[in-house]
Amino acid sequence: LFCKSHETRWRQLGRPAVEDYVAHCLLRGRARIDFRGLAPQPRLELQYAVQCRHDQQTITAPPPVVNWAIKQVTAAGVGSLLDHPRERWRALTAGKSGGWYQGFVLHAHDVVATLREGTGWEVEYPRDVWRLHTLAGLTLNAGHAPDARNHLRFDRVSQVWLRALAKRWCRLRLSCGLAVGTVVGDLAALTRFSMFLDHSAKDVAVLAHLDRSLLERYLAWVSTQTFGQGAKEDCVTALGTFFQAIRQHGWDDTLPTTAVFFTGDVPRRGPRLS
């Protein structure tokens with residue numbers, strides 16, 4: 001039925017049915033996305049992810065990227081993208097991390113999870129990782145569009161009492177119109193304070209255990225870290241603002257009055273070029 005070259009290719013492909021081989025030849029070299037190898041549910045989910053990328057008009061989804069994602073999902077043998085958490089998909093696609101390929105798989109998981117769970121503060125607030133792109137009305141930093149990579153990671157704050165207050169504070173600051181980047185920096189400062197408590201003050205089990213003596217130990221710890229100068233300043237100023245918000249809004253009356261920072265506590269900036 002075929003010329004010599006097409007017969008050779010037909011044999012190399014394992015002698016498929018004539019109709020399938022003709023369709024293969026007609027599509028060869030053309031940009032296409034082949035969903036046929038997927039189970040019904042993952043096929044719908046990846047098709048929905050492609051449609052979302054098109055509707056968002058922010059990042060392209062080249063066919064090679066989507067076809068690679070289809071192979072990864074097929075190899076995983078899942079009945080849905082939600083069978084694995086986001087971090088599991090990150091590990092499964094680590095061979096092409098940090099680019100379009102892994103990014104599309106994570107994007108597909110995010111949009112399907114959002115479709116199932118819905119959006120809004122009622123959905124995000126109980127989570128330990130907030131997906132900021134699902135929250136409407138946030139103030140974005142100049143030049144930045146909503147992105148599925150924008151997250152607030154409260155799971156890195158190991159103290160339950162500190163995490164609960166951090167959530168309340170971050171929600172208030174986002175709702176009051178502060179830029180997302182500012183709140184991300186605030187949470188980073190609280191995360192570093194949590195690291196200090198884990199390493200140097202494990203006996204602190206509640207907010208009432210904080211006092212000026214502990215904060216002085218914290219200042220000494222910050223001075224020995226390799227954080228940048230701006231991060232060291234945030235470690236003090238953001239935490240001081242956090243304590244002020246707790247007192248101002250009456251979130252927890254057990255915070256001692258001695259748990260405060262003073263003007264001289266902020267690390268000094270080094271000399272700058274004129």
Side-chain angles (χ1 to χ4, degrees), residues 49 52-61 85-87 89-90 97-100 102-160 162-195 222 225 227-246 248-249 251 261 266:
C52 287
R53 270 286 168 86
H54 177 270
D55 293 343
Q56 291 168 358
Q57 293 291 310
T58 54
I59 305 175
T60 59
R86 194 175 196 271
E87 293 307 315
W89 283 116
R90 184 184 297 277
S97 62
W100 280 350
Q102 184 187 66
F104 180 78
V105 177
L106 300 179
H107 158 77
H109 180 274
D110 288 340
V111 296
V112 173
T114 301
L115 181 65
R116 183 186 69 175
E117 299 169 3
T119 60
W121 283 113
E122 293 77 10
V123 174
E124 290 304 311
Y125 190 81
R127 297 168 62 99
D128 285 336
V129 180
W130 289 358
R131 305 162 299 171
L132 297 184
H133 66 284
T134 68
L135 297 172
L138 300 186
T139 303
L140 303 174
N141 294 77
H144 293 270
D147 194 327
R149 292 172 294 182
N150 290 335
H151 291 81
L152 284 181
R153 300 290 305 267
F154 296 96
D155 56 336
R156 295 171 179 170
V157 179
S158 56
Q159 295 77 18
V160 176
L162 181 59
R163 186 187 312 161
L165 289 169
K167 284 185 175 183
R168 197 166 182 178
W169 186 50
C170 289
R171 180 179 62 177
L172 176 64
R173 289 171 76 76
L174 289 170
S175 303
C176 291
L178 267 72
V180 167
T182 301
V183 181
V184 169
D186 292 338
L187 181 57
L190 294 184
T191 303
R192 295 187 179 103
F193 183 62
S194 174
M195 292 169 52
V222 169
Q225 301 303 305
F227 309 143
Q229 184 62 33
K232 288 185 177 182
E233 289 184 17
D234 290 343
C235 284
V236 179
T237 56
L239 190 59
T241 306
F242 174 61
F243 291 156
Q244 182 180 356
I246 293 174
Q248 181 178 0
H249 301 290
W251 292 338
F261 291 107
V266 180

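All residue numbers in this chain count up from 1 along the given sequence.
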Within this structure, what is the [atom1]-[atom2] distance for the pair [X] and [Y], rounded to the nearest 0.5 Å?
X    : Y    : atom1 : atom2 : result
Y125 : R168 : OH    : CZ    : 6.5 Å
I59  : F104 : CD1   : CZ    : 11.0 Å
C170 : F154 : SG    : CZ    : 4.0 Å
L239 : D234 : CG    : CG    : 11.0 Å
L165 : I246 : CG    : CD1   : 4.5 Å
D110 : C52  : CG    : SG    : 10.5 Å

[X]: partners by side-chain contact (heavy atoms from CB on, under 4.5 Å), with sequence neighbours left out:
X    : value
Q244 : none
A108 : L46, A49, L81
V222 : Y218, K232, C235
L172 : C176, H249, W251

Task: By ring-ring contact (aromatic ring centres under 6.0 Å, His included) - contacts of F243 (at least two apart) - done: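 Checked F243 against ring-ring contact (aromatic ring centres under 6.0 Å, His included); zero matches.
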Task: Any residue meeting ring-ring contact (aromatic ring centres under 6.0 Å, His included) with W169, in chain and number order, not counting sequence neighbours - done: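 Scan of W169 (ring-ring contact (aromatic ring centres under 6.0 Å, His included), adjacent residues dropped) gives F242.
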- [ ] Report the C-alpha distance between H107 and Q56 in whole Å, list the side-chain angles of each, state the deciding distance to 0.1 Å, and finish with yes or no for side-chain contact (heavy atoms from CB on, under 4.5 Å).
- [x] CA-CA 12 Å; H107 158 77; Q56 291 168 358; 3.9 Å; yes
Residues that [X] engages under side-chain hydrogen bond (donor to acceptor under 3.5 Å, both in side chains), provided they are two or more places apart:
X    : value
R127 : E117
E124 : R131, T134
R153 : D155

Task: Listed partners of R163 passing salt bridge (charged side-chain N to carboxylate O under 4.0 Å, His left out), at least two apart - done: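 Once residues adjacent in sequence are excluded, the partners of R163 under the salt bridge (charged side-chain N to carboxylate O under 4.0 Å, His left out) criterion are D128.
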- [ ] Please list, chain by chain and in numerical order, all residues satisfying salt bridge (charged side-chain N to carboxylate O under 4.0 Å, His left out) with E87, sequence neighbours excluded.
- [x]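 Per chain and number, E87 pairs via salt bridge (charged side-chain N to carboxylate O under 4.0 Å, His left out) with R90.
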Task: Shortest non-hydrogen contact between L135 and W121, atoms and distance - done: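 Where L135 meets W121 most closely, the heavy atoms are CD1-CH2, 3.7 Å.
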- [ ] Considering non-hydrogen atoms only, spot the tightest contact between R53 and G103 and give its length.
- [x]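 So the minimum-distance heavy-atom pair works out to NH2-O, 4.0 Å.
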Could you go through residues 179-195 and list every donor-acceptor pair under 3.5 Å that involves a side-chain atom there, pairing it with any protein atom two or more places apart or in another chain?
unit_1 : atom_1 : unit_2 : atom_2 : d
D186   : OD2    : R173   : NE     : 2.7
D186   : OD2    : R173   : NH2    : 2.9
T191   : OG1    : L187   : O      : 2.8
S194   : OG     : S158   : N      : 3.2
S194   : OG     : S158   : OG     : 3.3
S194   : OG     : Q159   : OE1    : 2.6

